[in-house]
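Below is one structure, written out as structure tokens; comments come after it.
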Amino acid sequence: MPRYNPSEIEPRWQAYWEENRTFATPALPTGKKRYVLDMFPYPSGDGLHVGHPEGYTATDIVSRFARLRGECVLHPMGFDAFGLPAEEHAIKTGEHPRIQTQSNIDNFTRQLKMLGFSYDWDRMVSTTDEDYFRWTQWIFLVLYDTWFDSETQRGRAISELPIPAEIASAGEAAVEQYRDANRLAYQDDALVNWCPALGTVLANEEVQDGKSERGGHPVKRIPLRQWMLRITSYSERLLEGLDELNWPVGIKKLQQDWIGRSTGAEVDFYIGEAARMDDWKAARGKSGFPQEAGEDALRVYTTRPDTLFGATYMVVSPEHSMIERLVTSEQSDAVQQYCEQASFKSDRERTEGDRAKTGVFTGSHAVNPVNGKLIPVWVADYVLAGYGTGAIMAVPAHDDRDFEFAKQYDLDIVPVVDPPGDHPQRTEILAGDVCFVAQGTAINSGEFDGNQTDQVKASVTASLAEQGQGNHAVNYKLRDWLFSRQRFWGEPFPILHEVDDSGELTGQKRAVAVEDLPVRLPELEDFKPHGRPEPPLAKADDDWLYVTVDGKRYRRETNTMPQWAGSCWYYLRYIDPKNSEAMIDPEKEKAWMPVDLYVGGAEHAVLHLLYSRFWHKVLFDRGHVSTAEPFNALINQGMILGEVEFTGYVTDDNSPVSAADVRRDADGNLTTATGQTISTVVLTDDAVEKKGEGFVLQNAPQIRVDSRAHKMSKSRGNVVNPDVVVREYGADALRLYEMFMGPLEATKPWAMTGVGGVRNFLDRVWRMIVDAKSDEFQLNAALTDQPCDEDQNRMLHRTIKKVTEDTDSMSFNTAIARMMEFTNFFTRCESRPTAAMKPFLILLSPYAPHLCEELWSYLGESDSIAAQTWPSWEESALVESSIEVPIQINGKVKTKIQVAPDASKETIAETALADDKVKSLLEGKTIIKQIVVPGRLVNLVVK
RNA sequence: GCGGGUGUGGCGGAAUUGGCAGACGCGCCAGAUUUAGGAUCUGGUGUCCAUUGGACGUGAAGGUUCGAGUCCUUUCACCCGCACCA
């Protein structure tokens with residue numbers, strides 16, 4: 001008994017909290033509310049890794065701390081349980097994904113409870129529960145029922161969409177089509193990322209370097225009818241909303257870049273017959289800049305309208321709709337061949353390698369609107385179909401890509417921006433031999449010569465607008481969100497497609513009625529995708545697949561939603577998890593939202609965090625939530641790397657090679673400078689030693705080795721399992737260690753010896769209060785009911801102050817350091833007042849809750865330490881009778897003096913000058929200046 | 001290439017507004033004690049020279065200042081994003 005034994009203590013207190021519902025949260029907050037949220041995990045078969053408890057411990061400390069300070073805390077947990085791995089397991093084994101998902105959830109729940117987190121488990125949600133995805137489907141119907149009013153920048157009900165007269169007159173089908181074209185959830189034939197290996201289409205965000213993010217399989221681009229969400233409508237709102245958020249600047253920046261707003265101009269280049277050009281110009285002068293460029297013009301988007309005079313050719317993307325119009329018969333074969341090739345290329349092939357630019361002349365010319373010059377129009381795949389207008393004006397003198405292309409195909413380069421006079425390459429730039437992309441003074445630009453870039457941009461745009469040939473324009477990199485997946489294990493779409501008597505789709509759709517939700521997944525014999533871009537749900541029985549409503553026959557939508565769908569709104573459901581009437585009760589929503597603190601990994605910067613904000617804004621516009629943004633403050637916990645490893649290099653004949661001499665060949669293999677192949681060996685700590693900047697072999701100091709911590713991965717075999725850590729050191733030690741490693745946001749390497757260090761601290765806390773030597777349980781004999789002496793009282797109050805402030809600012813590592821100092825101090829005290837021990841246990845309890853509950857009960861308390869009040873400190877107790885002040889002479893510390901803490905400048909200076917050592921050092925010198933910072937230091941400047 | 005971040009002992013990391021660099025922990029060294037455990041307690045531990053004592057020291061170089069890890073300029077290394085977005 002007398003030894004600290006977490007494996008006995010911890011399960012006992014976890015059971016106590018569960019039985020007593022210690023962390024149950026009231027439906028509505030009583031007093032000041034605080035909503036503390038973790039990014040819920042995907043319950044993978046591997047269980048928790050040590051990265052999960054890092055963020056979860058941080059939020060748990062914040063939650064427990066806030067409760068002790070009297071706040072009403074909502075701190076829930078759930079599972080993002082749809083997704084590919086469970087489905088792949090199902091394909092392999094034939095077992096329903098639900099079964100493995102449930103066992104994974106059970107395992108995660110066990111592990112989370114084992115770590116003593118103070119979640120309100122009654123609020124647990126899983127995205128795969130029918131009661132949950134029913135409302136995911138409901139939100140999809142809200143998106144389906146919403147159009148974006150760009151005038152007011154707001155989402156509105158589709159019934160409020162103004163129908164243009166010519167459409168209204170064309171009949172109900174046309175009106176319906178018009179509505180469909182404006183819904184936030186719409187279907188479109190999109191060029192999609194089709195991954196044959198996974199048998200599904202992926203979002204742009206799920207494709208990296210032309211391969212699937214999951215599994216690394218190749219991805220092709222094919223056209224397919226897909227559900228899309230019109231997130232681009234909300235670009236501006238999503239951008240503006242970032243300002244008010246207390247998020248890391250890095251994440252804000254990532255979202256800004258992802259949205260990628262740029263401003264410039266759209267410009268039409270005339271491509272019609274020369275004879276009709278004057279008519280066209282005149283018509284444009286009258287009509288102004290039209291919505292569509294029309295037959296006779298090629299529209300481009302540019303951020304540099306000031307360089308229009310330097311546009312010496314144009315480029316359209318291989319997918320551009322006007323290629324047929326542009327290509328001449330002589331060039332037809334070449335262009336067709338080029339476009340075909342480009343369409344076969346995956347994104348990876350198109351962007352990979354040295355990316356030498358390729359292209360083909362269409363045979364056509366366009367007219368540069370500012371100087372009337374005829375310029376050739378090319379097709380090239382360096383221009384992307386999906387951005388801007390899919391066509392550009394090329395200004396080789398002032399754009400790197402255009403410059404490279406112009407050099408390649410010997411096209412004209414006309415400089416129109418004069419760099420600042422001191423530019424080292426000005427001569428070459430003006431000769432057209434070097435590209436210059438920065439700002440300067442306009443040249444070769446007619447009436448605009450001599451003006452600065454910004455001014456020219458504005459005046460050229462204005463002049464084009466006047467002639468109806470251009471206009472100011474804003475563009476975003478953000479694309480609409482491809483929202484359908486051809487998988488089984490996801491939310492079915494609550495959409496029905498009308499079929500006629502012969503079973504063909506009529507093109508009419510209808511939403512499943514809200515009272516008929518949820519649309520459940522059908523029972524299937526097997527879960528295999530068939531490798532065609534047709535979803536597995538299409539294999540369902542007819543009684544699932546076909547429904548009759550109002551006398552019409554419908555086929556269900558067979559795509560499913562992507563995994564992001566469920567995670568877009570789970571933070572709302574926690575507030576009212578059992579509501580069967582609505583997604584959330586408005587009163588509860590108002591009371592608890594927004595999330596006050598959201599902690600999770602930075603990998604979600606542009607995916608989950610952008611999608612969630614988008615859905616939230618739509619729900620806000622439609623009156624279902626009361627805040628414009630869901631997550632007020634966001635913190636990204638840093639990654640935990642594996643233990644530091646030393647890596648040595650050897651050639652095939654096993655002779656060591658210094659890390660400094662290791663090269664990589666073209667294939668990325670390691671070689672020596674002479675080309676011998678090299679392999680790596682893992683070295684133990686005692687085989688290496690520090691030398692200079694790095695580490696070397698101990699027995700061969702000329703051989704450098706690499707020392708690095710690597711990302712934890714199964715293949716490297718450096719994954720740390722929380723179950724093992726808890727078994728060996730206890731949950732409190734794991735929690736404390738992860739908080740003590742360093743700042744929460746920092747990337748830091750794991751070190752098992754460090755866990756031993758904090759465990760050692762917990763042992764010391766135990767022995768500070770319990771007599772560990774006796775066989776029977778008894779309190780440490782040093783404990784006393786006497787009050788603290790002055791030093792003890794100061795230590796106590798300083799610790800209260802530091803731990804309070806550091807916990808508040810989430811500087812957990814320094815708060816723990818301070819509690820270690822407290823323990824070291826009181827362990828040395830012959831008498832330890834319980835009046836100091838009790839508040840200390842409360843301070844430590846958010847960090848190491850099991851140990852503190854246990855010791856709290858030993859000190860004669862009968863209720864949970866979680867129900868106590870956070871101690872406060874007294875400033876008067878912090879004051880010392882005298883403090884040490886360093887004396888510097890010419891900025892170097894020479895000695896120290898003792899003065900009263902509130903001593904005046906004069907007193908301190910006098911004391912300093914009266915000091916014997918100071919006197920001797922000043923002998924024969926003159927004081928030029930004396931700086932006295934009260935309570936800090938004295939600096940004497942002497943000659 | 002562009003953007004963001006980080007560089008402090010053998011290691012993880014501390015250091016209000018510029019004010020004693022290295023808190024706390026690991027590791028290491030020494031001592032005490034012991035039921036000999038990978039226990040506990042005490043002391044030491046940036047580098048160099050040395051007898052007291054001194055000099056140097058926060059990736060590198062320069063600057064501002066009485067005083068710089070902290071501010072400015074230049075530069076190097078590593079990490080993380082994005083990557084033909086006109």
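Naming: A, B, ... by sequence-line order, numbering from 1 per chain. Note that the coordinates shown come from a computational prediction; the quantities given were computed from them, not determined experimentally.
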Exercise for the section: Rounded off to whole Å, could you give me the CE-to-C1' distance for the A:M752 and B:rG12 pair? Expected result: 15 Å
Exercise for the section: Looking only at non-hydrogen atoms, find the nearest pair between A:N939 and A:N890 and report the distance. Expected result: OD1-N, 3.6 Å
Fill in the blank from the handout: Letter by letter from the 5' end, nucleotides 33-49 of chain B scores (B base, S sugar-phosphate only, - none; protein heavy atoms under 4.0 Å) -------SSSS------
Exercise for the section: Name all residues meeting the ring pair (Phe, Tyr, Trp, His ring centres under 6.0 Å) criterion together with A:Y301; count only those two or more places apart in sequence or in a different chain, and write none if there are none. Expected result: none
Practice task
Between B:rG67 and B:rC29, how far apart are the C1' atoms? Round to whole Å, please.
Solution key: 36 Å
Exercise for the section: Go through A:D706 and A:R708 one step at a time and tell me if the salt bridge (Lys or Arg N to Asp or Glu O under 4.0 Å) criterion holds. Expected result: CA-CA 6 Å; A:D706 279 338; A:R708 237 195 93 179; over 6 Å; no
Practice task
Report yes if at least one side-chain N or O of A:Y382 is closer than 4.0 Å to OP1 or OP2 of B:rA86; otherwise report no.
Solution key: no
Practice task
Classify the nucleic acid contact of A:Q930 as base, sugar-phosphate or nothing, counting any heavy atom under 4.0 Å across all strands shown.
Solution key: nothing
Fill in the blank from the handout: Whole-Å distance, A:I887 CD1 to B:rC66 C1', equals 14 Å
Exercise for the section: Quick one: label A:L254 by what it contacts on the DNA or RNA (base, sugar-phosphate, nothing), any heavy atom closer than 4.0 Å. Expected result: sugar-phosphate
Problem - Ring-face cation of A:K357 near A:F405 (centre distance under 6.0 Å, axis angle within 45°) - result: no
Exercise for the section: Starting from P on B:rC20, measure out to CD1 on A:I931 and report it in whole angstrom. Expected result: 14 Å
Problem - Length of the line joining A:K748:NZ and B:rA14:P, which is rounded to integer Å - result: 10 Å
Practice task
Would you indicate, yes or no, if B:rC80 has its OP1 or OP2 atom less than 4.0 angstrom from a side-chain nitrogen or oxygen of A:T747?
Solution key: no
Problem - Given B:rA86, B:rU16, B:rC26, the nucleotide with the shortest approach to the side chain of A:Y387 - result: B:rA86
Handout entry: Heavy-atom closest contact (A:S317 atom, A:V383 atom, distance)
Key = CB-O, 3.1 Å
Handout entry: Atom P, compared across B:rC72 and B:rC84: separation rounded to whole Å
Key = 33 Å
Exercise for the section: State whether a side-chain donor-acceptor pair under 3.5 Å links A:T814 with A:D806. Expected result: yes
Handout entry: Nearest-angstrom distance from the residue atom CZ of A:R304 to P of B:rA86
Key = 12 Å
Practice task
Quick one: label A:N813 by what it contacts on the DNA or RNA (base, sugar-phosphate, nothing), any heavy atom closer than 4.0 Å.
Solution key: sugar-phosphate
Practice task
Check whether any side-chain heavy atom of A:L238 lies under 4.5 Å from a side-chain heavy atom of A:Q255, and answer yes or no.
Solution key: no
Problem - Gap in Å between the two P atoms, one belonging to B:rC11 and one to B:rA60, rounded - result: 15 Å
Exercise for the section: Sticking with atom P, work out how far B:rC66 lies from B:rU16, rounded to a whole angstrom. Expected result: 23 Å
Problem - Inter-nucleotide P distance (B:rA61, B:rC56), Å rounded - result: 14 Å
Handout entry: Minimal non-hydrogen separation, A:V720 against A:V50, with atom names
Key = O-CG1, 3.5 Å
Problem - Residue A:N939, side-chain heavy atoms: nucleotide from B:rG19, B:rC20, B:rA86 that is nearest - result: B:rG19
Problem - Rounded distance in Å between the C1' positions of B:rA32 and B:rG13 - result: 31 Å
Fill in the blank from the handout: A:E603 CD to B:rC79 P, in whole Å, measures 19 Å
Exercise for the section: Dump the intermediate steps for side chain to side chain donor-acceptor pair (under 3.5 Å) on A:D480 and A:T232, then the final yes or no. Expected result: CA-CA 5 Å; A:D480 275 345; A:T232 50; 2.5 Å; yes
Exercise for the section: Please report the closest heavy-atom contact between A:V416 and A:G310, naming both atoms and the distance. Expected result: CG1-N, 3.5 Å
Problem - Test item: side-chain donor near acceptor, A:Y338 and A:T358, under 3.5 Å - result: yes
Practice task
Could you list by number each residue of residues 309-316 of chain A showing a heavy-atom separation from RNA chain B of less than 4.0 Å, or answer none if no residue does?
Solution key: none
Using a 3.5 Å cut-off and no angle test, enumerate the donor-acceptor pairs between side-chain atoms of residues 749-762 of chain A and protein atoms at least two apart in sequence or in another chain.
unit_1 : atom_1 : unit_2 : atom_2 : d
A:R759 : NE     : A:D763 : OD2    : 3.3
A:R759 : NH1    : A:Y729 : O      : 3.4
A:R759 : NH2    : A:Y4   : O      : 3.3

Completion exercise
With syn defined as a glycosidic angle within 90 degrees of 0 and anti as anything else, the base of B:rG37 is syn
Exercise for the section: Run the numbers on A:R818 and A:E805 for salt bridge (Lys or Arg N to Asp or Glu O under 4.0 Å), then give the verdict. Expected result: CA-CA 11 Å; A:R818 185 65 206 179; A:E805 289 172 351; over 6 Å; no
Fill in the blank from the handout: By nearest-heavy-atom nucleotide on RNA chain B, the more 5' of A:F740 and A:V941 is A:F740
Problem - B:rG25 versus B:rG1 - spacing of their P atoms, nearest Å - result: 45 Å
Handout entry: Where the chi angle of B:rG67 falls, syn if within 90° of 0 and anti if not
Key = anti
Exercise for the section: Please test A:N5 against A:S7 for side chain to side chain donor-acceptor pair (under 3.5 Å), starting from the C-alpha separation and ending with a verdict. Expected result: CA-CA 6 Å; A:N5 181 7; A:S7 59; 2.9 Å; yes
Problem - OP1 or OP2 of B:rC66 under 4.0 Å from side-chain N/O of A:K929 - result: yes
Practice task
Nearest-nucleotide wise, let me know which of A:T303 and A:L940 is further upstream toward the 5' end of RNA chain B.
Solution key: A:L940
Handout entry: salt bridge (Lys or Arg N to Asp or Glu O under 4.0 Å) evaluation trace for A:R716 with A:E645
Key = CA-CA 11 Å; A:R716 192 173 274 277; A:E645 291 171 29; 3.3 Å; yes
Exercise for the section: Figure out the CZ/P separation between A:R708 and B:rG10, and round it to whole Å. Expected result: 21 Å
Taking N or O atoms only and anything under 3.5 Å, show me the protein contacts with nucleotides 2-5 of chain B, one pair per line.
unit_1 : atom_1 : unit_2 : atom_2 : d
B:rG3  : O2'    : A:K253 : NZ     : 3.4

Handout entry: Closest to side chain of A:M820, choosing from B:rG19, B:rC20, B:rG25
Key = B:rG25
Exercise for the section: Toss me the dot-bracket line for RNA chain B: Watson-Crick and G-U wobble, both under 3.5 Å, 5' to 3', using | for pairs to another strand and [ ] for crossers. Expected result: (((((((..(((......[....)))((((((.......))))))((((...))))..(((((..]....))))))))))))....
Practice task
Side chain of A:P743 only, please: which of B:rC20, B:rA14, B:rA86 is the nearest?
Solution key: B:rA14
Completion exercise
Considering only heavy side-chain atoms of A:E821, the closest of B:rA14, B:rA23, B:rC11 is B:rA23
Problem - Same-atom distance (P) from B:rA21 to B:rG46, integer angstrom - result: 14 Å
Handout entry: Non-hydrogen side-chain atoms of A:K253 and A:Q256 separated by less than 4.5 Å
Key = yes
Practice task
Please report the shortest heavy-atom distance between A:P53 and A:E738, naming the atom on each side.
Solution key: C-OE1, 3.5 Å
Exercise for the section: Grab the CD-P distance between A:E745 and B:rG13 for me, whole Å please. Expected result: 13 Å
